[in-house]
Amino acid sequence: MTARYAPAEIEPRWQAEWDKAGAFAARRDPDRAKYYVLEMFPYPSGRIHMGHVRNYTMGDVIARYKMSCGFSVLHPMGWDAFGMPAENAAMERGGHPKDWTYSNIADMRGQMKPLGLSIDWSREFATCDPDYYGQQQAMFIDFLHAGLVYRKNATVNWDPVDMTVLANEQVIEGKGWRSGAPVERRELTQWFFKISDFAEELLDALDGLDNWPEKVKLMQRNWIGKSRGLQMAFSLIDAPHEFDRVEVYTTRPDTLLGASFLGISPDHPLARALEADNPELAAFCAECRRMGTSEEELEKAEKRGFDTGLKVRHPFDTAWELPVYIANFILMDYGTGAIFGCPAHDQRDLDFARKYGLPVVSTYAPAEDDGSTMPEDGGPAYVPPKSEPVIYVRGFAGETEQTGEAAIESAIRFCEENGVGHGVTKFRLRDWGLSRQRYWGCPIPVVHCDACGVVPEKKENLPVELPYDEDGQPIDFSVPGNPLDRHPSWRDCACPSCGAPARRETDTMDTFVDSSWYFARFTAPRAETPTDLAEAEYWMNVDQYIGGIEHAILHLLYSRFFARAMQITGHLPAKAVEPFDALFTQGMVTHEIYVTRDEKDRPVYHLPEHVEWTESGARLGACGSPVEVIPSAKMSKSKKNVVDPVNIIESYGADTARWFMLSDSPPERDVEWTAAGAEAAYKHLGRVWRIANGIVEEMEQGGIAAYEAEGQGAGDTGAEDLALRRALHKTIHDVTMGIDSFGFNTSVAKLYAFTNTLAKSKASLAARREAAMVMAQLMAPMTPHLSEEVWEMLGGTGLVAGAAWPQPDPALLVEDEVTLPIQINGKRKSEITVPKDLPREEVEARVMQDDAVLKALAGGSPKKLIVVPGRIVNVVV
RNA sequence: GCCCGCGUGGUGGAAGUGGUAGACACAGGGGACUUAAAAUCCCUAGGCAUCGCGCCGUGCCGGUUCGAGUCCGGCCGCGGGCACCA
């Protein structure tokens with residue numbers, strides 16, 4: 001027998017054992033409760049990173065734990081395989097996105113398997129498999145028939161040199177990333193999912209998601225952005241033809257008497273009409289349109305406006321005229337694309353008013369004068385919470401003193417009664433544009449026919465497969481733009497309706513579509529239809545979903561929409577409209593950054609394995625140059641602060657990587673990868689192995705017969721045995737609680753502590769053997785290979801993976817005595833140990849005998865004596 | 001800019017609902033074993049102090065409470081998202 005912990009030897013062996021036993025195949029078993037654990041599936045970039053290791057280890061802990069608790073567990077894995085990087089790689093290095101992707105998948109699968117995850121690999125698929133995206137196309141057609149999809153115009157980033165549509169991340173400081181040309185906004189007809197029809201429903205249903213983080217629900221609520229406001233019109237004076245009114249939506253109708261200008265989006269129909277005979281105005285609009293399409297960019301840009309020269313009448317006073325500005329910060333997509341500006345109560349409007357010399361008029365003021373400067377006199381905009389009462393100095397409805405909320409409602413009522421607009425509820429949530437002018441995505445299965453218009457492809461013709469080559473020639477990805485667009489033999493087809501020559505839709509789907517239903521597909525990955533309802537009925541919902549907080553809004557909201565759309569079209573049972581029962585968002589893996597400077601003082605980054613630590617600080621291993629150490633940040637290839645899990649597994653084994661990922665940092669927070677931490681994890685696992693090995697040696701030396709004769713907790717080891725068993729059962733309780741509440745780091749800490757207890761214990765061999773075996777079970781979700789090895793060494797039957805989770809004995813958890821800290825005026829000064837159930841009066845009496853208390857009272861009596869049973873005593877003097 | 005988080009020793013962090021701040025671990029210091037080293041094992045450890053019973057301490061300022069890391073208000077710093085990155 002080898003006398004040391006040898007992960008390189010034991011890990012592959014146990015992985016083979018699990019495979020042989022089919023330990024992780026998900027089986028639909030009507031007699032058992034099911035549990036579906038899902039981690040967000042990875043993009044096949046080519047290498048797994050520590051973030052993956054952390055994510056999948058957490059899911060694996062849950063999966064293995066639930067399996068031990070008797071659940072029928074589904075724990076699948078797949079690949080979010082469509083997307084830009086594959087196409088970018090093809091453009092930059094040649095090759096084909098498909099080959100690049102599948103080769104990456106093979107590499108990553110090979111890197112993941114050594115982690116020993118309890119995944120049912122038989123269910124694996126990639127979203128770029130025609131089997132998968134063909135079913136997605138079938139659902140798209142069903143959605144189309146159900147009225148859940150439509151076409152409309154939308155703005156995209158257009159690179160005028162490369163003649164291609166750019167993603168937001170490809171627009172760098174307003175320029176195309178490859179061409180460097182200033183980006184333009186361009187309108188295209190695009191496909192949309194009607195997610196906005198579900199805004200109210202998606203908002204209300206958040207209340208039922210009890211096991212989602214509050215912050216995620218809050219972010220989604222804000223994103224959906226339900227608002228109550230007034231829709232009204234300002235009448236234009238001397239307006240161009242057909243523009244006698246401008247519709248405005250406002251959430252603050254109570255500030256109507258503080259209006260000082262009207263602002264319209266550069267894309268507003270009125271702005272477009274005015275462009276025709278005002279070149280200066282047209283130039284301004286053109287410049288606005290040169291900005292990117294992202295909300296972030298619009299909001300960060302300097303607020304600018306252009307005076308159209310037009311005026312509108314205030315609805316309450318026809319003699320009061322307001323100027324009309326085109327403003328670069330007004331989005332055509334939200335509300336009506338026009339606002340009235342009230343500078344006194346909106347900082348952005350105030351900045352705008354000051355810039356263009358527009359009046360600033362307060363409509364309300366603080367209920368109590370706090371001495372702050374009014375916006376009229378150069379102060380900031382006064383924007384109190386809507387729930388706070390204020391004094392309306394220019395109110396027109398309701399009380400003089402009222403809250404903003406009340407004033408908004410009375411203003412809406414007043415306006416409705418006087419024929420100035422009506423109250424409406426609006427949502428910020430926009431429909432989901434799914435068209436992408438790219439090759440490497442799921443083709444949108446429709447055909448454009450001159451006679452029939454837009455016709456869905458026949459389902460029997462699905463999948464509409466991406467062409468691999470072009471008439472025997474490899475597709476040329478070095479040319480910018482969408483290869484499908486210039487692929488005649490693929491593009492040209494027959495109309496599914498009339499048979500006349502027609503053209504395929506050359507846009508593909510947003511990759512968010514692929515990830516919006518993969519969780520449902522995992523329940524029946526080889527079904528001939530998108531889902532199999534019997535399977536979905538059994539396995540759905542996902543009981544525990546685990547992934548990054550960066551997906552808090554889009555991916556999760558889109559998936560919630562998709563589950564509803566799939567239910568309407570008969571692809572999911574009603575119970576699955578909220579597909580994720582519980583959500584956990586884990587933190588990132590970070591690492592220090594090592595940098596030196598080149599001759600032009602530009603940063604040069606270095607991999608952690610190239611840095612050595614000396615007494616004078618960090619230095620490059622190769623040449624000894626000093627290295628600047630930048631505090632930890634998310635691991636990224638560009639900063640080279642990455643650690644390759646493959647190297648870690650080779651040096652220490654998967655169990656060490658898993659153990660370290662779970663220890664120290666709470667799962668929802670970032671974890672910093674340190675070489676020292678990994679080393680410590682490895683040492684600890686070695687120690688556990690040695691303790692088990694020591695017990696085995698004792699058993700062998702004494703002979704099995706002697707061991708058996710010793711009995712359980714007999715003789716003078718009785719007290720030691722009891723102490724060890726108490727500690728063990730406390731540990732079972734604490735570790736279980738940690739796993740149940742996603743406190744893996746605390747479970748790990750309790751296991752460290754118990755290892756110390758076991759190592760020092762003078763208990764009988766039998767008691768120590770039992771303790772070591774239970775400890776192996778408790779560690780099994782985290783370090784499955786080591787646990788199997790220890791379990792086997794100590795003579796356990798079967799696999800730990802198949803053993804029932806240990807249950808704590810309640811009798812061993814109860815303490816007889818408690819130690820109560822004694823505070824005097826809230827500061828801890830002393831403590832007393834009392835029997836657990838000592839009556840309050842008795843506790844009080846004993847506290848009054850305490851030296852520290854007697855000293856503090858100096859003969860007097862306490863003002864107050866607070867006894868929190870089992871917790872604390874506070875004496876107020 | 002807007003929305004959402006987070007901030008505790010030299011370091012990562014612990015502290016179910018307000019109740020002994022610093023569990024557990026890393027790095028550090030001391031010791032044992034060894035010819036020596038590695039490995040292993042044991043002990044120690046928030047800061048200050050007139051180191052003998054005291055004071056200060058959970059980013060900063062203020063508040064609520066017998067009692068605040070935890071609750072409230074205001075700042076500062078860092079991170080995530082912002083609809084075509086996934």
- Checking all strands, does K863(A) fall into the base, sugar-phosphate, or nothing category for heavy-atom contacts under 4.0 angstrom? nothing
- Task: Please work out if R690(A) contacts a base, only the sugar-phosphate, or nothing of the nucleic acid, heavy-atom cut-off 4.0 Å.
- Result: sugar-phosphate
- Message: Which is more 5' along RNA chain B, the nucleotide nearest D664(A) or the one nearest K300(A)? Just name the residue.
- Response: K300(A)
- Sugar-phosphate, base or nothing in reach of R221(A), heavy atoms under 4.0 Å: nothing
- Task: Give one of base, sugar-phosphate or nothing for M737(A), where a contact means two heavy atoms less than 4.0 Å apart.
- Result: base
- Message: Looking at A39(B), which nucleotide sits across from it as a Watson-Crick or G-U wobble partner, both distances under 3.5 angstrom, or is there none?
- Response: none
- Message: Mind checking if I866(A) touches a base, just sugar-phosphate, or nothing, with heavy atoms under 4.0 Å?
- Response: base
- Base partner of G18(B), which must satisfy Watson-Crick or wobble distances under 3.5 Å: none
- Message: Give me syn or anti for G9(B), where syn covers glycosidic angles within 90 degrees of 0.
- Response: syn
- Message: Need one value for G83(A): base, sugar-phosphate or nothing, where a base atom within 4.0 Å counts as base even if backbone is also close, heavy atoms only.
- Response: sugar-phosphate
- Across all strands, who's sitting opposite A27(B) as a Watson-Crick or G-U wobble pair, both distances under 3.5 Å? none
- Message: Taking any heavy-atom pair under 4.0 Å as a contact, classify P213(A): base, sugar-phosphate, or nothing.
- Response: nothing
- Reckon A676(A) touches a base, only the sugar-phosphate, or nothing at all at heavy-atom distances under 4.0 Å? sugar-phosphate
- Greater than 12 external heavy atoms within 6.0 Å of E173(A)'s CD: no
- Establish, with yes or no, whether the OP1 or OP2 oxygen of C66(B) is under 4.0 angstrom from a side-chain nitrogen or oxygen of N825(A). no
- Message: Using a 6.0 Å distance limit plus a 45 degree cone around the ring axis, check whether R4(A) lies over the aromatic ring of W689(A).
- Response: no
- Determine whether the side chains of D485(A) and T506(A) contain a donor N or O and an acceptor N or O closer than 3.5 Å. yes
- Would one find more than 12 heavy atoms of other residues, nucleotides or ligands at under 6.0 Å from atom NZ of K855(A)? no
- G29(B) versus A21(B) - spacing of their C1' atoms, nearest Å: 24 Å
- Would you mind classifying the nucleic acid contact of W432(A) as base, sugar-phosphate or nothing, using non-hydrogen atoms under 4.0 angstrom? nothing
- Message: Just to be sure I understand the rule, does V171(A) reach a base, reach only the sugar-phosphate, or reach nothing, if contact means heavy atoms closer than 4.0 Å?
- Response: nothing
- Message: Base, sugar-phosphate or nothing for E214(A)? Non-hydrogen atoms, less than 4.0 Å.
- Response: nothing
- Message: What contact category does G433(A) fall into here, base, sugar-phosphate, or nothing, at under 4.0 angstrom with non-hydrogen atoms?
- Response: sugar-phosphate
- Is V165(A) touching bases, backbone alone, or none of the nucleic acid, heavy atoms closer than 4.0 Å? base
- Task: If the glycosidic angle is within 90 degrees of 0 it's syn, otherwise anti, so just tell me which one C4(B) is.
- Result: anti
- Task: Tell me yes or no: between the side chains of W432(A) and D510(A), is some donor less than 3.5 Å from an acceptor?
- Result: yes
- Determine the interatomic distance between C1' on A45(B) and the same-named atom on G10(B); round to the nearest Å. 11 Å
- Message: With nearest nucleotide decided by heavy atoms, which residue, K750(A) or Q823(A), maps closer to the 5′ end of RNA chain B?
- Response: Q823(A)
- Looking for any heavy atom pair under 4.0 Å, which part of the strands does F512(A) touch: base, sugar-phosphate only, or nothing? base
- Query: Near K217(A) NZ, under 6.0 Å, is it more than 12 heavy atoms from other residues, nucleotides or ligands?
  - Reply: yes
